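Here the structure comes first, spelled out in structure tokens, and everything after it is commentary.
Quick caveat: nothing in here was measured; it's all calculated off a predicted structure. Naming: A, B, ... by sequence-line order, numbering from 1 per chain.
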2 protein chains.
Amino acid sequence: MAQAKYQEIAGRLRDQIDSGTLQPGERLPSEPDLVRQFDASRNTVRLAIALLTNQGLVVTRQGLGTFVSEPARPFTALLSRVNVPPRQSGSTQLPVISDAADEAETTRQVVEKSPASASVAEKLEISPGDLVVVRRRQGAIRAIPWMMMASYFPLDIAEGTPLEQAGEISQGSITLLAELGFTQIGFVDEIGAKMPSPREFAFFGLTTGTPVIVVNRTAYTQDRPIRMTRYVYRADRVRLTHEVGTIPARYHQG
Amino acid sequence: MAQAKYQEIAGRLRDQIDSGTLQPGERLPSEPDLVRQFDASRNTVRLAIALLTNQGLVVTRQGLGTFVSEPARPFTALLSRVNVPPRQSGSTQLPVISDAADEAETTRQVVEKSPASASVAEKLEISPGDLVVVRRRQGAIRAIPWMMMASYFPLDIAEGTPLEQAGEISQGSITLLAELGFTQIGFVDEIGAKMPSPREFAFFGLTTGTPVIVVNRTAYTQDRPIRMTRYVYRADRVRLTHEVGTIPARYHQG
DNA sequence: AAGTGGTCTAGACCACGGG
DNA sequence: CCGTGGTCTAGACCACTTC
């Protein structure tokens, strides 16, 4: 067979979606309908739909049907903007710059002490298993969860300081770290994407076929890394931006 | 049933992967083995494996078996580095900064004239369907395809200029645009992730469960957008970085 | 109650990779 | 050749949504 039947079915449906014959939000023919239409077994039809689902093209809802995905207006988080005051550009919290910025809410920061994973240890230049102080929080906009973040501090820096206390740090962690003698002079962001873990999938309420964006931000003094913050965003509703050079103000929001 | 049987099976296998009982690269029990082990039908076992595949945890190879995914050392592309000469930081080609940078190859640039899509039109502030000049190229490192890029120029800027000729632009497109009277003063990157289209899937040779990272870089003069470049990267082997502030040299490569 | 997708079974044959 | 995963069928029953 040149092409498997389920791939043929998926291709036909995909064509209808791409061409606009099936509009976003519109219901696909039911599975029994597709069985008749393509003279296939129901399992084969379901294989085809699974393909489209994993490509993020359709979503299925039990009892209702299968629908063409509707792209959501994304929230936009600002990674950095060059030529702005360093406190802002190096802030721990990535500012939201979508029109819904006013409605952004974050949970109270939760603090724990735990062993560093391999990736955290590498960034902080410590050994895997060394204890680090972790500060976590999540963010939502209009009741839509969109961000998870966790900041990791080496124990020798954070132990016995306000970094170990839950809740807000009034002056901000960058200022606090500076007061402790660790003045941040820069940071590096490392950006990737992956399929969500089950936790991430559940927290964001994702549908199958939606990846997440991961940003690892490592902050440095002159001598050493002092903090690593990991942000996880749902890729279906979030875009990251950063600006370099002089951008006319009217372009800031895209 | 509190949990479907195929989810139960997937969960058990996932636990073994997370705990290291099954190491990266190791083969899972064969499907008939799992059928016996969990007293399930083969289709149910395959559903469980499909779940893990779509989460990027395992890959299946016909005739061989199902294997725990092995994370590859990622290539790193530099989005921007503050305080470097603007020609470098605004370059059309995102520089590779992994240890394999020397082996990066790109295809010859291909040029075409075509109608602007909705997303291109929005960034360039033209109408969808207006003609734009498109310059495409792909990149590979050690025979591994890792990048697709396409630059879009408004027709009124590019028509009749060397931007319409295939192959390299000797002085670089930023300099060329400046010579044409369009001096770039900044750019905005918009970063997202999604599941690959069939074309992207085929070009990169991806396995199911691997997303792609998409960067839309829009360059501006004082008055208007003059170019939009879209980069697509495979998320399983690419990380993007950008640096802000003063980063000690030894941290540049992570 | 009727229609939708979700789960599961049992069995068949095909395609690929390696002895 | 044999063992692996890939495709496909036919049928059953369950869970959810709407009327």
query: Can you find an N or O donor on one side and an acceptor on the other, under 3.5 Å apart, linking the side chain of A:Arg42 with the base of C:dG6?
result: yes
message: How many whole angstroms separate atom CD of B:Gln7 from atom P of C:dG6?
response: 11 Å
query: Do the side chains of A:Arg14 and B:Pro198 get nearer than 4.5 Å, heavy atoms only?
result: yes
message: side-chain contact (heavy atoms from CB on, under 4.5 Å), that's the test. Do A:Glu122 and A:Met228 meet it? Break it down for me.
response: CA-CA 10 Å; A:Glu122 183 196 342; A:Met228 197 278 266; over 6 Å; no
field: Short side-chain N/O contact to D:dT7 OP1/OP2 from A:Thr44, under 4.0 Å
entry: no
- prompt: Under 4.0 Å: is that the gap between some side-chain N or O of B:Lys5 and OP1 or OP2 of C:dG6?
  reply: no
- prompt: Nearest-Å distance, CG (A:Leu34) to P (D:dT9)?
  reply: 13 Å
- prompt: Has B:Thr60 got a side-chain N or O lying under 4.0 Å from the OP1 or OP2 atom of D:dG6?
  reply: yes
task: May I ask you to test the A:Leu79-A:Ile191 pair for a side-chain heavy-atom distance under 4.5 Å?
output: yes
- prompt: Base, sugar-phosphate, or nothing: which does B:Arg46 touch, judged by heavy atoms less than 4.0 Å apart?
  reply: base
A:Ser41 vs D:dG11: side-chain N/O to OP1/OP2 distance below 4.0 Å: no
- request: Measure from the side-chain N and O atoms of B:Arg239 to the backbone N and O of B:Thr76, and report whether any donor-acceptor pair falls under 3.5 Å.
  value: no
task: Quickly work out the A:Ile49 CD1 to C:dT7 C1' distance and round it to whole Å.
output: 15 Å
Residue whose nearest DNA chain C nucleotide is more 5′ - B:Gly63 or A:Leu64: A:Leu64
task: Give the nucleotide from the list D:dG5, C:dT7, C:dG6 with an atom nearest to the side chain of A:Glu31.
output: C:dG6
- request: Grab the CG-P distance between B:Leu47 and C:dT9 for me, whole Å please.
  value: 10 Å
message: Go nucleotide by nucleotide along DNA chain D from the 5' end; which of B:Asn43 and B:Pro32 gets its closest nucleotide reached first?
response: B:Pro32
message: Whole angstroms only, please: what is the CZ-P distance between B:Phe67 and D:dT4?
response: 11 Å
task: Could you tell me the separation between the CZ atom of B:Arg61 and the OG1 atom of B:Thr66, rounded to the nearest 0.5 Å?
output: 10.0 Å
- prompt: Atom OH of B:Tyr6 and atom C1' of C:dG6: how far apart are they, to the nearest Å?
  reply: 7 Å
- prompt: When all nucleic acid strands are considered with a 4.0 Å heavy-atom cut-off, which category describes B:Asp33: base, sugar-phosphate, or nothing?
  reply: nothing
- request: Identify which nucleotide among D:dT4, C:dT9, C:dG6 has an atom closest to any side-chain atom of B:Ser30, counting heavy atoms from C-beta outward.
  value: D:dT4
query: Separation of A:Arg27 atom CZ from C:dG3 atom C1', in whole Å?
result: 9 Å
field: Nearest-Å distance for atom pair CG/P, residues A:Asp39 and D:dA10
entry: 8 Å
